[in-house]
Protein chains: 2
Amino acid sequence: MISDTEKTQSEAATDKIRTLILSGTYRPGQPLRQEALSGHLSISRTPLRHALQSLAEEGLVEAVGFKGARVAQPDPQMVRDLFDMRLLLEPLALKSALEHHTKLDFAKAEMALDAADAERDLYKLSQLNWEFHHALYHPSGRRTLMRTIEHLNRASAFAETIAKSIVVRSEKSAAEHRELLQACRNADADDAIDRLTEHLRLAYRDIQNTEY
Amino acid sequence: MISDTEKTQSEAATDKIRTLILSGTYRPGQPLRQEALSGHLSISRTPLRHALQSLAEEGLVEAVGFKGARVAQPDPQMVRDLFDMRLLLEPLALKSALEHHTKLDFAKAEMALDAADAERDLYKLSQLNWEFHHALYHPSGRRTLMRTIEHLNRASAFAETIAKSIVVRSEKSAAEHRELLQACRNADADDAIDRLTEHLRLAYRDIQNTEY
DNA sequence: ATTTTTATTATTGGATACAATTATGATTTC
DNA sequence: GAAATCATAATTGTATCCAATAATAAAAAT
């Protein structure tokens with residue numbers, strides 16, 4: 001559960017529902033009835049609908065006309081697109097960030113890795129995974145690029161959680177992350193980008209194999 | 001004005017407001033008061049808020065907490081990010097589409113170009129511009145990729161409209177488009193991708209020079 | 001006179017009630 | 001008995017009203 005320090009109830013609901021989806025409580029394809037959900041979250045339908053719209057934009061929910069909303073179903077084509085895009089965009093972000101990295105950034109990244117080593121919950125693991133990547137990309141200062149990358153990461157985290165490929169990858173991923181972080185600390189741009197690319201390629205391969 | 005065949009009023013309002021922004025009626029930075037706008041569109045605030053949220057996700061509107069929404073202000077950094085991403089993603093879409101192109105796709109693309117030659121309205125011009133690119137990318141069948149590319153094109157169309165670089169580019173752009181289309185018809189992948197890349201580079205250069 | 005505090009107003013977010021749409025099941029028709 | 005039609009119920013979208021927040025103006029204190 002996330003802190004109650006949320007601003008609006010729409011945002012709070014967005015976070016809660018996202019957690020419910022990413023944690024697997026709401027399975028892909030499951031209908032999300034407005035009245036039931038709003039009652040479950042103890043809010044009215046108005047902020048709930050805002051939350052559903054936000055999640056639809058994120059790609060976690062599919063909403064159609066007057067028909068209602070359902071939990072999205074990641075398919076192989078979508079996963080392929082997500083990783084192809086990540087493979088193109090994330091190296092750019094990393095490259096742009098490399099010359100602006102501070103010790104604090106590396107420390108944040110390392111904290112996420114340490115926390116991930118001790119974490120067993122799938123959803124929290126995917127969150128820490130993004131925290132790590134975010135720490136390495138964010139110093140680029142390229143907000144629009146970062147926003148797109150964050151969207152892609154959320155969506156692929158969703159697919160990975162559903163496919164449970166995170167479990168399979170956890171140790172391998174940890175090692176790849178550490179090597180990537182070391183390359184960044186060495187300010188070795190070529191090496192860092194190579195390791196990032198390889199990391200994404202391997203993640204893609206594993207999700208392909210675990211997908212049903 | 002767009003047809004009244006819209007499904008929900010939220011969607012209709014989204015399209016109308018988008019047009020008002022892209023046509024320059026609502027200038028960047030301008031506050032978008034809910035009551036005033038809803039009155040102007042003869043709808044209640046409820047669907048209006050949905051429309052504003054959609055436009056915020058698109059990047060045309062910036063909405064903050066309880067403070068309200070404003071027309072977004074495209075800055076040079078954002079434009080740079082947009083074109084950097086387009087330069088990476090659109091060649092991929094084109095490459096994936098090349099082997100699936102039909103005569104109908106080429107016809108659609110050509111129709112957009114012909115219409116653009118006779119069009120003088122900035123907003124409609126940017127729409128036709130996207131129609132052309134869409135016709136060439138869509139046969140890839142890669143929906144998730146297309147969705148991201150569409151977002152990026154909307155946002156950069158916004159920036160181009162604001163900067164009025166479309167006017168400067170119209171003839172040059174038309175020529176580049178025709179050459180790109182011809183390369184696709186020839187099924188010359190390398191040539192097509194080269195021309196697309198060059199087209200995007202030139203568009204980026206021109207918007208940089210016209211930006212205030 | 002300037003700053004701080006308080007009260008008032010304007011604006012946004014949320015809850016409830018109503019209308020429009022779609023899904024479901026009964027009824028009719030062939 | 002199957003298909004089509006109609007009525008009913010379930011569900012979503014919209015309007016209106018109320019509450020919470022932020023902006024503004026007035027008053028008080030130093």
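Protein chains get the first letters and strands the later ones, always in sequence-line order, with residue 1 at the start of each.
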Residue mapping more 5' on DNA chain C - nearest nucleotide basis, B/Thr46 or B/Glu35
B/Glu35
Among D/dT14, C/dT12, C/dT21, the one nearest any side-chain atom of B/Phe66 is C/dT12
Between A/Gln77 and B/Thr144, does any side-chain donor sit less than 3.5 Å from a side-chain acceptor?
no
Nearest whole Å is fine: how far is C/dT11 P from B/Arg70 CZ?
13 Å
Between A/Asn153 and A/Glu90, is there a side-chain heavy-atom distance shorter than 4.5 Å?
yes
Does either side chain, that of A/Asn129 or that of A/Glu160, offer a donor lying less than 3.5 Å from an acceptor on the other one?
no
Whole angstrom value for the distance that separates C1' of C/dG14 from CG of A/Leu48
12 Å
For A/Arg49, report the nucleic acid contact type (base, sugar-phosphate, nothing); a contact means any heavy atom under 4.0 Å.
base
I want to confirm an ordering. Mapping A/Lys67 and B/Ser44 to their closest nucleotides on DNA chain D, which one lands closer to the 5' end?
A/Lys67
Check whether any side-chain nitrogen or oxygen of A/Gln34 sits under 4.0 Å from OP1 or OP2 of D/dG13, and answer yes or no.
yes
base_contact_polar (D/dG13 base, A/Arg45 side chain, donor-acceptor, <3.5 Å)
yes
Before accepting this row, confirm whether a basic side-chain N of the pair A/Asp206/A/Lys172 lies closer than 4.0 Å to the acidic partner's carboxylate O.
yes
Determine whether any donor atom in the side chain of B/Ser10 lies under 3.5 Å from an acceptor atom in the base of D/dT14, or the reverse, and answer yes or no.
no
Rounded to the nearest Å, what distance is computed from the NZ atom of residue A/Lys7 to the C1' atom of nucleotide D/dA22?
12 Å
When you measure from the side-chain N and O atoms of A/Gln9 to the phosphate of C/dA15, is any distance below 4.0 Å, counting only OP1 and OP2?
yes
Nearest whole angstrom, please: distance from the C1' of D/dT11 to the CG of A/Leu32.
13 Å
Taking atom CD as the centre, does B/Glu35 end up with more than 12 heavy-atom neighbours from other residues, nucleotides or ligands that are less than 6.0 angstrom away?
no
Kindly assign one of parallel, tilted or perpendicular to the pair B/His133 and B/His177, based on the angle between their ring planes and the thresholds 30° and 60°.
perpendicular
Rounded distance in Å - CG (A/Leu37) to P (D/dT12):
10 Å
Angle separating the five-pair end axes of the helix from C/dA1-D/dT30 to C/dC30-D/dG1, nearest 10°, is 0°
Rounded to whole Å, please give me the gap between NE2 in A/His50 and C1' in C/dA15.
12 Å
Rounded to whole Å, the CD-P distance (A/Glu11 to C/dT12) equals 16 Å
Nearest-Å distance, CZ (B/Arg33) to C1' (C/dA10)?
9 Å
Decide whether a cation-pi geometry holds between A/Arg86 and A/Phe83; the criteria are a distance under 6.0 Å from NZ or CZ to the six-membered ring centre and an angle within 45° of the ring axis.
yes
